[in-house]
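Here's the structure, in structure tokens; my notes come after.
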Amino acid sequence: DQAETWLRTAHAFARVNRIDEAREHYEAAIARDPALADQAASDLLRVARRAVERRDGMVASAAADAALRIQPGVSLSGVAVDLARFYVRSAQPAQALPYFQKALAENEDDPGILLELALAHEQLGDCERALAFFEQVRPLVAANRRSEVDWQVGNCSFQLAREASERGFADEALRLYRAVTDLGEPRNLVGQAWFETAETLARRGECTAAAAAFERVIQAEGGTGILS
């Protein structure tokens with residue numbers, strides 16, 4: 001019943017990817033000698049890194065999660081972003097978020113990770129947070145990705161504008177619709193954004209501005225569509 005025996009048994013389970021049993025034995029070892037927590041977390045992260053190298057996302061995520069349970073503040077350097085991408089590919093963006101955050105903390109200057117974090121929020125339907133990250137990353141991305149980010153900014157802005165309008169926040173709705181029309185993305189929503197802008201201005205009695213916005217609808221739709 002010595003801590004070293006529990007530790008060696010845990011290590012053996014970890015080596016054959018039996019992560020749940022490994023974690024239980026590591027925890028038993030730590031209960032007998034708290035100083036072994038670092039060793040346990042290190043062993044599990046070593047398993048996670050090897051699993052990442054062979055593209056075994058399930059084992060990698062299980063091992064990293066076990067390491068975090070044993071030592072919540074442990075560094076996930078070298079595995080965080082791969083684990084986040086695994087969860088995204090597995091249609092589990094909520095589980096990906098904390099790993100993207102950890103990866104971002106270790107790679108503050110990487111716009112790619114910031115963009116992936118924004119996309120994960122968008123997949124969750126959280127356009128408010130997604131938009132904040134898209135706007136943050138927009139000036140940082142390479143030119144060949146700018147149109148993708150513009151589309152995402154415009155799309156989230158349009159959705160949030162409609163929500164703001166429904167709640168009666170006309171100024172916020174107008175600001176967000178303006179983001180769509182300024183960017184010109186998504187192109188299929190530009191005419192609708194001008195139309196919603198015009199309708200909002202008309203309800204406020206700003207007839208000159210509303211008329212100008214309706215003219216922009218015609219230009220955006222090519223004389224067809226919303227006003228035809």
Side-chain angles (χ1 to χ4, degrees), residues 10-11 13-15 17-31 34 36-142 145 148-149 151-153 155-157 159-160 163:
H11 182 70
F13 278 122
R15 287 292 299 270
N17 300 325
R18 292 168 63 174
I19 305 302
D20 288 342
E21 291 156 300
R23 178 180 54 76
E24 291 171 1
H25 283 74
Y26 279 127
E27 289 173 344
I30 293 165
L36 294 175
D38 287 345
Q39 179 66 53
S42 177
D43 283 353
L44 287 164
L45 285 178
R46 193 175 300 112
V47 172
R49 291 189 181 95
R50 286 201 299 265
V52 164
E53 290 171 1
R54 64 176 185 273
R55 300 184 181 278
D56 188 341
M58 293 189 66
V59 169
S61 62
D65 288 345
L68 287 170
R69 284 187 59 176
I70 287 171
Q71 197 173 48
V74 68
S75 171
L76 295 179
S77 178
V79 297
V81 71
D82 291 294
L83 290 170
R85 288 166 180 164
F86 163 74
Y87 281 119
V88 169
R89 290 194 302 270
S90 303
Q92 301 178 76
Q95 283 74 17
L97 294 179
Y99 288 109
F100 275 132
Q101 292 282 11
K102 287 181 178 293
L104 193 60
E106 295 168 359
N107 302 273
E108 294 180 2
D109 298 326
D110 190 333
I113 295 174
L114 189 59
L115 178 56
E116 290 181 273
L117 176 59
L119 289 168
H121 278 292
E122 192 274 335
Q123 288 176 35
L124 283 169
D126 186 355
C127 253
E128 188 171 359
R129 285 190 176 86
L131 182 58
F133 286 119
F134 283 130
E135 289 177 336
Q136 185 179 342
V137 78
R138 187 172 179 270
L140 304 176
V141 295
R145 301 209 70 178
E148 175 191 355
V149 177
W151 190 96
Q152 294 289 354
V153 169
N155 188 57
C156 273
S157 294
Q159 293 183 44
L160 292 172
E163 292 174 12

Closest non-hydrogen atom pair between A41 and A67, with its separation: O-CB, 3.9 Å
Side-chain polar contacts of residues 81-99 - donor-acceptor pairs under 3.5 angstrom, sequence neighbours left out - could you list them?
unit_1, atom_1, unit_2, atom_2, d
R85, NE, E116, OE1, 3.2
R85, NE, E116, OE2, 2.9
R85, NH2, E116, OE1, 2.8
Y87, OH, D65, OD2, 3.1
S90, OG, F86, O, 2.9
Y99, OH, D65, OD1, 2.1

R54 side chain near V59 side chain, heavy-atom distance below 4.5 Å: yes
Gap separating the OG atom of S157 from the CD atom of E135, nearest 0.5 angstrom: 6.0 Å
Heavy-atom side-chain contact between W151 and E148 under 4.5 Å: no
Point-to-point distance, once rounded to the nearest 0.5 Å, from CZ of F100 to NE2 of H121: 10.0 Å
Over all atoms of both residues, closest heavy-atom pair of A40 and I30: CB-CD1, 4.0 Å
Gap between atom CG of L36 and atom CG of D43 - 0.5 Å precision: 10.0 Å
Contact summary for A14 and Y26, nearest pair of heavy atoms: CB-OH, 4.0 Å
Please list every donor-acceptor pair under 3.5 Å in which a side-chain atom of residues 122-131 meets a protein atom from a residue at least two apart or in another chain.
unit_1, atom_1, unit_2, atom_2, d
D126, OD1, R129, N, 3.3
D126, OD2, R129, NH1, 2.9

Point-to-point distance, once rounded to the nearest 0.5 Å, from CG of N17 to CD1 of I19: 5.5 Å
pair L68-K102: side-chain heavy atoms closer than 4.5 Å: yes
Nearest heavy-atom neighbours spanning V141 and R138: CG2-O, 3.4 Å
Student check: side-chain heavy atoms of L115 and F134 closer than 4.5 Å: yes
All pairs passing ring pair (Phe, Tyr, Trp, His ring centres under 6.0 Å) where residues 43-79 contributes a residue, at least two apart: none
Heavy-atom pair of closest approach, residues A60 and A51: N-CB, 3.5 Å
Test item: H11 and Q39 side chains (from C-beta on) under 4.5 Å apart, heavy atoms: no
E27/R23 under salt bridge (charged side-chain N to carboxylate O under 4.0 Å, His left out): CA gap, chis, key distance, verdict: CA-CA 6 Å; E27 289 173 344; R23 178 180 54 76; 3.2 Å; yes
R55 atom CZ: more than 12 heavy-atom contacts under 6.0 Å: no
Donor-acceptor contact below 3.5 Å, side chain S42 vs main chain D38: no
